[in-house]
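A short write-up of the structure that comes next.
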Protein chains: 2
Amino acid sequence: MSRYWIAIDWGTTNFRAFLMQDEVQVAHINQACGLLSVRLGEFAATLQNLIQPWLEEHPAVPIVLAGMVGSQQGWFEIAYAPLPATARSLIEGTRRIATSWGSPAWIVPGVSGTSQFGQPDVMRGEEVQLLGLSVLHPAEQHFALLPGTHSKHAQMINGEITAFSTFMSGELFALLSKHSILGRALPQQQEDENAFLLGVSTALHGAPFSHLIFSARTRRLAGEIADAHVHSYLSGLVIGYELLALPGAQRAWLVGSPSLTARYQLAADQIGLDFVPVNGDDCFIRGLCHLYSLLQENAS
Amino acid sequence: MSRYWIAIDWGTTNFRAFLMQDEVQVAHINQACGLLSVRLGEFAATLQNLIQPWLEEHPAVPIVLAGMVGSQQGWFEIAYAPLPATARSLIEGTRRIATSWGSPAWIVPGVSGTSQFGQPDVMRGEEVQLLGLSVLHPAEQHFALLPGTHSKHAQMINGEITAFSTFMSGELFALLSKHSILGRALPQQQEDENAFLLGVSTALHGAPFSHLIFSARTRRLAGEIADAHVHSYLSGLVIGYELLALPGAQRAWLVGSPSLTARYQLAADQIGLDFVPVNGDDCFIRGLCHLYSLLQENAS
């Protein structure tokens with residue numbers, strides 16, 4: 001059994017690969033080469049090209065993939081594992097595919113369920129981070145917030161994902177800042193903590209979102225926020241609005257990149273929420289290590 | 001005193017002018033020639049060009065303008081009249097400007113105040129429709145909903161505008177359908193009443209907006225809405241979410257274009273709200289007639 005393997009998170013906008021020696025990361029690749037930039041039918045060739053330097057040294061290295069690569073728009077569509085989801089149920093839904101260069105590859109399924117608000121909901125990739133969180137920080141219960149384009153709020157009991165809800169915070173911020181009247185004719189933007197926190201505290205009053213965001217225009221007209229701080233204010237509104245949906249004052253794990261978790265932490269501090277930041281890459285790698293070890297058990 | 005005059009609603013995206021003979025509309029012009037398509041400093045020339053056919057017959061016809069034409073990005077910036085706003089306070093804030101072709105022109109101010117959710121809020125143009133509503137349908141109290149890019153919910157007491165809140169419903173629908181993942185790779189869209197009503201009823205469960213809209217993706221994945229009906233469903237979500245913010249079961253006047261009020265009426269019927277549709281143009285004309293008569297009194 002080969003000791004080297006590759007862990008990959010292939011999402012809509014980014015490709016992130018980690019060359020692993022057993023459970024230790026020895027190299028990584030980060031490319032803005034998500035699904036949107038790959039033509040249908042060219043996933044295998046794109047992958048081979050992206051990891052070429054590693055393949056030269058490790059020709060038939062095993063590869064485990066998670067994320068949107070398993071969606072309708074991805075390499076192969078892998079059916080979602082239903083809630084409650086465990087490492088075992090994810091392994092049962094994992095599909096093995098062959099590659100032209102001899103690497104065995106596995107694509108891990110996402111998870112589908114009904115959100116806390118009664119809507120159908122899905123995720124792809126975050127289930128691996130959640131699994132990793134439960135391995136890194138074992139506990140009877142986890143409540144975790146995974147911020148991003150489509151933030152996830154998830155509940156785990158004994159390492160089993162029992163519930164989750166999606167919040168399109170990152171995408172709404174991008175839409176409003178790039179394409180709406182709120183972002184029109186703005187000068188070069190500067191990060192401003194006060195404007196961000198004003199956005200957070202404004203969101204906490206509970207105004208409906210479609211009303212709330214108009215304050216980015218009216219506060220600018222009223223001179224309460226500077227033209228250069230509109231993005232910071234908008235970011236505060238969107239994140240504050242998302243945090244308002246958190247159930248009660250329980251401790252939450254905040255899983256993501258250091259820059260994004262720092263932003264959420266700032267908002268959480270203002271609200272008085274107890275957040276514990278954890279590196280999202282560490283969680284992803286730990287989760288995929290766990291799944292890969294189960295795959296090897298199954299194979300042996 | 002000239003019997004002919006022109007009433008104009010000059011907004012961000014549209015230019016709408018009505019040639020009036022006293023209180024009777026005798027012609028109208030509708031052009032997609034809003035502020036965004038006019039270069040700074042060229043408002044007078046653009047206006048002269050747009051109404052040229054009427055100027056030939058009525059060379060120095062008086063002109064009364066309302067809408068975003070009085071904003072920072074407009075012809076002249078006219079300070080907002082504060083709440084509570086009346087016909088008299090709007091007249092006090094109206095500014096007279098000269099034109100090179102001899103027409104006297106007046107720009108009516110918008111209104112600013114604090115929304116029911118404690119945020120600063122503004123409107124330009126809708127105050128004239130509200131005034132017209134109170135003239136057309138006199139009552140002690142009016143609660144009115146003016147749907148649009150930026151919908152307004154307004155309260156009037158004895159014809160005085162006492163409160164209002166903005167909801168960016170139309171703009172959010174446009175952003176989500178044109179620029180978000182929810183609208184990506186869709187076939188030609190068809191209006192579908194069932195999908196629209198499913199959106200309305202889904203919104204009524206009270207999910208946070210940033211979670212709610214993700215259902216346009218998950219219901220499509222689950223086969224619950226057809227790819228060709230995603231826009232209808234999204235429209236139902238956004239309008240249902242807006243209607244959820246209405247205070248209680250009071251009767252509301254629905255002021256707008258017949259096609260837009262019909263859409264809101266459909267949602268209101270499903271929810272059991274008592275809406276009375278009124279033509280938005282009729283309200284605008286009646287309101288500006290009232291203001292013009294006061295301007296003439298002031299002048300005489």
Side-chain angles (χ1 to χ4, degrees), chain A residues 12 36 68 71-73 80 110 112-122 149-151 153 165-176 178-182 184-185 202 205-224 238-239 241-245, chain B residues 12 36 71-73 80 110 112-123 149-151 153 165-176 178-182 184-185 202 205-224 238-239 241-245:
Chain A
T12 305
L36 293 179
M68 292 296 283
S71 72
Q72 262 175 17
Q73 292 81 41
Y80 292 103
S112 67
T114 300
S115 78
Q116 64 184 106
F117 303 97
Q119 287 183 186
D121 214 327
V122 294
T149 305
H150 296 171
S151 290
H153 297 188
S165 302
T166 301
F167 293 80
M168 292 179 62
S169 298
E171 184 160 8
L172 279 168
F173 171 75
L175 290 173
L176 294 172
K178 279 186 213 158
H179 298 291
S180 84
I181 194 175
L182 306 174
R184 193 181 289 153
T202 301
H205 293 134
F209 188 80
S210 48
H211 173 67
L212 176 68
I213 52 176
F214 195 58
S215 68
R217 178 168 173 78
T218 54
R219 285 205 198 277
R220 194 180 151 203
L221 284 172
E224 294 173 28
V238 171
I239 290 175
Y241 183 81
E242 180 187 336
L243 295 184
L244 198 61
Chain B
T12 305
L36 294 179
S71 73
Q72 261 174 16
Q73 293 80 39
Y80 292 102
S112 67
T114 301
S115 78
Q116 65 184 105
F117 302 97
Q119 287 183 186
D121 214 326
V122 294
M123 62 179 163
T149 305
H150 296 171
S151 289
H153 296 188
S165 301
T166 299
F167 293 80
M168 292 179 62
S169 300
E171 184 160 6
L172 279 167
F173 171 75
L175 291 172
L176 294 172
K178 278 186 215 159
H179 299 291
S180 85
I181 194 176
L182 306 176
R184 193 181 289 153
T202 301
H205 293 135
F209 188 80
S210 48
H211 173 66
L212 176 68
I213 53 176
F214 195 57
S215 69
R217 178 167 173 79
T218 54
R219 285 204 197 279
R220 195 181 150 202
L221 284 172
E224 294 174 28
V238 172
I239 291 175
Y241 184 81
E242 180 187 337
L243 296 184
L244 197 62

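Each chain gets a letter, A, B and so on, in the order its sequence line appears, and its residues count up from 1. Everything numeric in this text was worked out from a predicted model, so none of it was measured.
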Tell me, for B:His150 versus chain A, whether the close heavy atoms (under 4.5 Å) come from the side chain, the backbone, both or neither.
side chain
Which atoms of B:Leu244 approach chain A - backbone, side chain, both or neither, heavy atom under 4.5 Å:
neither
By a 4.5 Å heavy-atom criterion (distance strictly below it), what part of A:Thr149 contacts chain B: side chain, backbone, both, or neither?
neither
Engaged part of A:Ile213 at the chain B interface, taking heavy atoms whose separation is under 4.5 Å
both
4.5 Å side-chain heavy-atom contact, A:Leu212 and B:Phe209:
no
So for B:Gln73, is it side chain, backbone, both, or neither that comes closer than 4.5 Å to the heavy atoms of chain A?
side chain
Could you tell me which of B:His205, B:His153, B:Gln116, B:Glu171 has the largest number of non-hydrogen atom pairs under 4.5 Å with chain A?
B:Glu171
Classify the ring geometry of B:Phe117 against A:His211: parallel below 30°, tilted from 30° to 60°, perpendicular beyond 60°.
tilted
Tell me, do B:Val122 and A:Phe214 make a side-chain contact under 4.5 Å, heavy atoms counted?
yes
Under 4.5 Å from a heavy atom of chain B, the part of A:Leu36 involved
side chain
At a heavy-atom separation under 4.5 Å, does A:Ala207 approach chain B through its side chain, its backbone, both, or neither?
both
For the atom pair CZ (B:Arg220) and CG (B:Leu182), what is the distance rounded to the nearest 0.5 Å?
9.0 Å
Would you mind checking which part of B:Ser112 comes under 4.5 Å of any heavy atom in chain A, side chain (CB onward), backbone (N, CA, C, O), both or neither?
neither
Point-to-point distance, once rounded to the nearest 0.5 Å, from CD1 of A:Ile239 to OG of A:Ser151:
8.0 Å
Mind checking whether B:Arg219 and B:Thr202 have side chains closer than 4.5 Å, heavy atoms only?
yes
Student check: side-chain heavy atoms of A:Leu175 and A:Met168 closer than 4.5 Å
no
Counting heavy-atom pairs under 4.5 Å with chain B, which one of A:Ala185, A:Gly118, A:Ser165 comes out on top?
A:Ser165
